[in-house]
**Student:** 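One structure, as structure tokens, below. Some questions next.
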Number of protein chains: 2
Amino acid sequence: MLQESSVDSSGSRFAPLVVLELASDTKEEAITWLLSRIRDRQQNGGAELLVEQLGPGIGVEEKENPNMFLVGASMQRLLYGAEDLGLFKECTDGSMRAFTFASKHNFKDFKGDGDSFLSMAECQYVIKHELDTLRAKEETNVPGYSHAKLYPGKSIIRRLLSKGILIQMFPLHEKEELKRLSFSWYKKVKLSLQPLDDIRHYYGEGQALYFGFLEYFTFALVPMALIGVPYYLFDWEDYDKYVVFAVFNLVWCTVILELWKRRSASLAYYWGTLCRKKAFEEPRPGFHGVLGHNPVTGRAEPIYPTSKRHLRVYLVSLPFVLLCLYLSLYVMMIYFLMEGWALSIYDENPTFWTHILLFIPSIIYAVVIEAMNLIYRYAAEFLTEWENHRLESSYQNHLVLKVLVFNFFNCFASLFYIAFVMQDMELLRQSLATLLITSQILNQFMEAFLPYWLQRRRNKKMIRKVQKRRMYEEKELPLVEQVRLEADMSTYLGTFDDYLELFLLFGYVSLFSCVFPLAAVLVVLNNITEVYSDAFKMCRVFKRPFADPAANIGVWQLAFEAMSVIAVVTNCALIGMSPQVRSYFPESETQLILCTVAAEHVLLGFKFILTFLIQDVPKHIQDKLARLEFESLEALKKKKMLEASQLSKTIQ
Amino acid sequence: MLQESSVDSSGSRFAPLVVLELASDTKEEAITWLLSRIRDRQQNGGAELLVEQLGPGIGVEEKENPNMFLVGASMQRLLYGAEDLGLFKECTDGSMRAFTFASKHNFKDFKGDGDSFLSMAECQYVIKHELDTLRAKEETNVPGYSHAKLYPGKSIIRRLLSKGILIQMFPLHEKEELKRLSFSWYKKVKLSLQPLDDIRHYYGEGQALYFGFLEYFTFALVPMALIGVPYYLFDWEDYDKYVVFAVFNLVWCTVILELWKRRSASLAYYWGTLCRKKAFEEPRPGFHGVLGHNPVTGRAEPIYPTSKRHLRVYLVSLPFVLLCLYLSLYVMMIYFLMEGWALSIYDENPTFWTHILLFIPSIIYAVVIEAMNLIYRYAAEFLTEWENHRLESSYQNHLVLKVLVFNFFNCFASLFYIAFVMQDMELLRQSLATLLITSQILNQFMEAFLPYWLQRRRNKKMIRKVQKRRMYEEKELPLVEQVRLEADMSTYLGTFDDYLELFLLFGYVSLFSCVFPLAAVLVVLNNITEVYSDAFKMCRVFKRPFADPAANIGVWQLAFEAMSVIAVVTNCALIGMSPQVRSYFPESETQLILCTVAAEHVLLGFKFILTFLIQDVPKHIQDKLARLEFESLEALKKKKMLEASQLSKTIQ
């Protein structure tokens, strides 16, 4: 399964799974201490893992870091770790159960010593978890670093990371597997679904769910794209027919989100993350405060008063976000000035070039929007970091909220302004098209090709170096070089930006596509290239990320649902403004508005009822989950009954 | 703790807890079989309870039923039963934990043999659960009744109930305790909170939560009542100031429901129901179908296809409900005709009597509404029963939905019509007042005084009979007579009607109280008398109900929240219609409507954000719950570590 093995200190060979890179000037005593803690037995509070220093590379130069360590573990240790984590696996009877070492032979893929029972991603996740939960015992600081304070129960790895002693910790790629995966994923030019199970196998559930959602979203857009094409071809520009399209939009965006929940639950069930119990969340590495006691675990832990955090959120972050929204509005107004100016030039002298000029303000605006989003993103990260959230999940939620609100405002404010204040459908159509196309091009470039190009340069340099020194015949790099190469790759920062992009695309399509029916077609095309570019960047550009055992797409489900509510309101308003509907109320505008509002309320009510009616988890999976719970209750009862009867016998 | 003891067949005395009443013509063999199954040891599939026939009463007449049985259990059996049920109890360290017999001495109130550890309501609940889960083994029918089919795993009690062999099963009252409770609850004339803990102790959590909610709702109304009084006193009839009141309404109804969730969670935590795991729900007694296998438990069970049920719901029940709504509208129109007729008489001849006549149509309409609600209630119960729901909870949800929609429509349609179609605020105020006052008077009468009067008559007859025969000196009835008296009392049908009444009152207050500011005062007064009359009927009129370990007010929370959304919309519309607001938009009605709609959307959005921001469970209880879960995870981990190290030692 693993491409190469290494020899550990005790002489036995082990497969390297995870790399630890310490700063090159780390003191010897700290290294010795860390390694002994990692190797120490679990009873003594160690992690009981195998660890070995990476040998010198071929190009041994001054700048190469000698402090790189390979971490692995025996298969039995990994299996116990999987039990600790409560990983769910398929049993021989087809149900999913939490793996336990004692019942290992009940599991479907368990053969022999269980060598290929856990995927490499799972093994790496086990090792990450074991390293993360390696805790200080009596040490008061990291040996040799009096400023790197420790207290009993503090995660050693997190302290080393926050003090910059540990530079990074990353899992290794698996060349053979990666080659097979990338072939079936994006190299094969044929129409087929993505190999979601393989992606999950290699990258973990969080990644696979993203790609699953991307695929689902693309398929969900197909009917809309198909309906949109005749609108474009037959040039139904009088907007008379767009009422039909708006009604379709409205139903569509509600139904697809509900159905996605079901699909996501199915996927998560078969991947074993749906009913996995989450472990207690540790404070995030950057969290700081006065040392105190956690009220839940009773462990020593930094404490930071919630009231202070609230002050920071409401008195600094919130005004900052509002200021940014104001700025964004200001930029929008400049755009409309430019637009008016371009129009006046065209009106004066209508040539081909001045016609082109009409599009220039929109393009500039689209580029500015992307730039503002990017800058704001950094500011939001800085602010959220400064808010000092205790948990990674709370940090993520605050960051997502900040970024979402601004991005939504920044991207859609001008469209809303055109649609409802200026009521100029022609301009709306043109703006939407420009925004959509420009942002797609920019995104694809920034996201995949630029990093790939940078990575390629580094890659080539390394291969040239290797070939110069040793003249390898095969093109494959030896392990040592591969590790060093991967250490230099950019770090994948999670699915945040990918989901954000989908969120904005979903917005363009569900809010205004009745005005520009080609939007869905464009988004479908974009999504198809997105699959390829995302797959490509996962496989070739970035370091392998640790698996993330997600059960759903989390806060993004909420974000998409909020967008779909806004879409219902927007589409109702667009319908109410259409000449077709207006013609029914030739005399009274009041009547028209009241009817539109009433219809909107009914639709919103219907949407909420639909949310209740469509069950989030398909019936057959609900049954399986209920069965699992029932069995565990029955087992408990039986055990208690046995104890009771034994007790009563003892008494007799 | 218990008022009297009885002697069971084996000669030892036991406290009777629950009464089983079999039909008077039950065959002897069935009785013998049932009693032996109840007395049999648990290992043999029995319930291991104590049971004894009730002796003949004083007035031994032909019509007295001899087949009444008292059921009790030893304290140890009850404690094991409590463990089975997973009852949560307070530990010596102040936390709430699931009771286990082995760790009994860690619990705060456990002394000696644990005689007063479980409340009588809990003991009765344990016995009910044990009887309900007494299952058939190999029996194919109840002995002597070939039509009363049994199959392995079928609950015996449920079959006996559905075949009419078992007439009823009810818990006994506890005279001393009841006297104390009723004194502190409703006999003491002083301003104080209700003894919620005592109510929970005696009646269980479901009842106590209802009374807790009633109390909370009354207190929440006080500020609104206080604001309402000056409106009435200073005769602010120009409706200019009602905008302030409507805004207050709007915030009020959102905030109080969110805060109730927190209060409810607190109560449920200290009563031990918040984190209790629910047992698997058995099919309800009336459920029928073809014998098959439950996909979850694997037990033999009747199966009824969901598609058939859906057909019944959507093709019969839904049209029926719609028809009833139409009928209700029709009645409303007749009311408006009568109203117009009364007005025309008053206009012709304005005397005192014709002024009184103005109120007559409203009063008649209010009475008709109550009557229609009552009749519809029976129809809804019949239909829901016929829909053949498998679970009691699903039956309840369908029933509540049916009844709620109709009641809402029936009570509020005329008010909405007056407010938004006729736009006659004077008539709205008058209708609201009449509806509110009439329905309150009717309710209090129907709910408490009528049943009490009937019960009193029966009571007196019994006491007279007893005094005639034996000439007791003390006024207390002996156990035998008490049991027979309680068996004759009406059965309490749960909190459904009580919650429904509160729901409608909440509607009157939150929807239209800005027009009739005294509404809140009236509802507060009504609630105060409601506490007394409900308390009184619980203690004196009805059979004691079995405890219902509820963790929250269930589907009613949802119903109240739906009402508060409707209240936001209604209040916004009322504000938009007010002359005060209209004066800001003297020229354009369109502008006014658009602004109102925009404000409404912002408020609805704000409401949903508020729902997210206010946490449903207070922080200190979240911490305690997390601590409990953390401890169980840690214990599991320690156990596994121990097993692993033992295993590795064995291998070595």
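Proteins come first, then strands; the chains are lettered A, B, ... in the order of their sequence lines, and each starts at number 1.
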**Student:** Could you tell me which of A:N294, A:V597, A:T297 has the largest number of non-hydrogen atom pairs under 4.5 Å with chain B?
**Tutor:**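 Heavy-atom pair counts peak at A:T297.
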**Student:** Sort B:E629 into side chain, backbone, both or neither according to what part of it lies under 4.5 angstrom from a heavy atom of chain A.
**Tutor:**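 Contact with chain A: backbone and side chain both.
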**Student:** Would you mind telling me which of A:L592, A:D623, A:T306 has the largest number of heavy-atom pairs within less than 4.5 Å of chain B?
**Tutor:**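 Of the candidates given, the most pairs with chain B belong to A:D623.
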**Student:** Can you establish whether the number of heavy atoms outside A:F585 located under 6.0 Å from its atom CZ is more than 12?
**Tutor:**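 Result for CZ/A:F585: enclosed.
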**Student:** Answer whether the closest heavy-atom distance between the side chains of A:V565 and B:F608 falls below 4.5 Å.
**Tutor:**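 SC-SC contact between A:V565 and B:F608 ruled out.
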**Student:** Side chain, backbone, both or neither: which part of B:L594 has an atom under 4.5 Å from a heavy atom of chain A?
**Tutor:**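 Side chain only.
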**Student:** Which of parallel (below 30°), tilted (30 to 60°) and perpendicular (above 60°) describes B:H601 and A:H601?
**Tutor:**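 Ring orientation of B:H601 relative to A:H601: perpendicular.
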**Student:** Any side-chain heavy atom of A:F612 sitting closer than 4.5 Å to one from B:L558?
**Tutor:**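 Sidechains of B:L558 and A:F612: in contact.
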**Student:** For a quick test of reading the model, state the closest non-hydrogen atom pair linking A:R627 to B:V296 and the distance between them.
**Tutor:**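 Closest pair (atom of A:R627, atom of B:V296, distance): NH1-O, 2.8 Å.
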**Student:** Does A:F420, at its CZ atom, have more than 12 non-hydrogen atoms belonging to other residues, nucleotides or ligands within less than 6.0 Å?
**Tutor:**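 More than 12 within 6.0 Å, yes.
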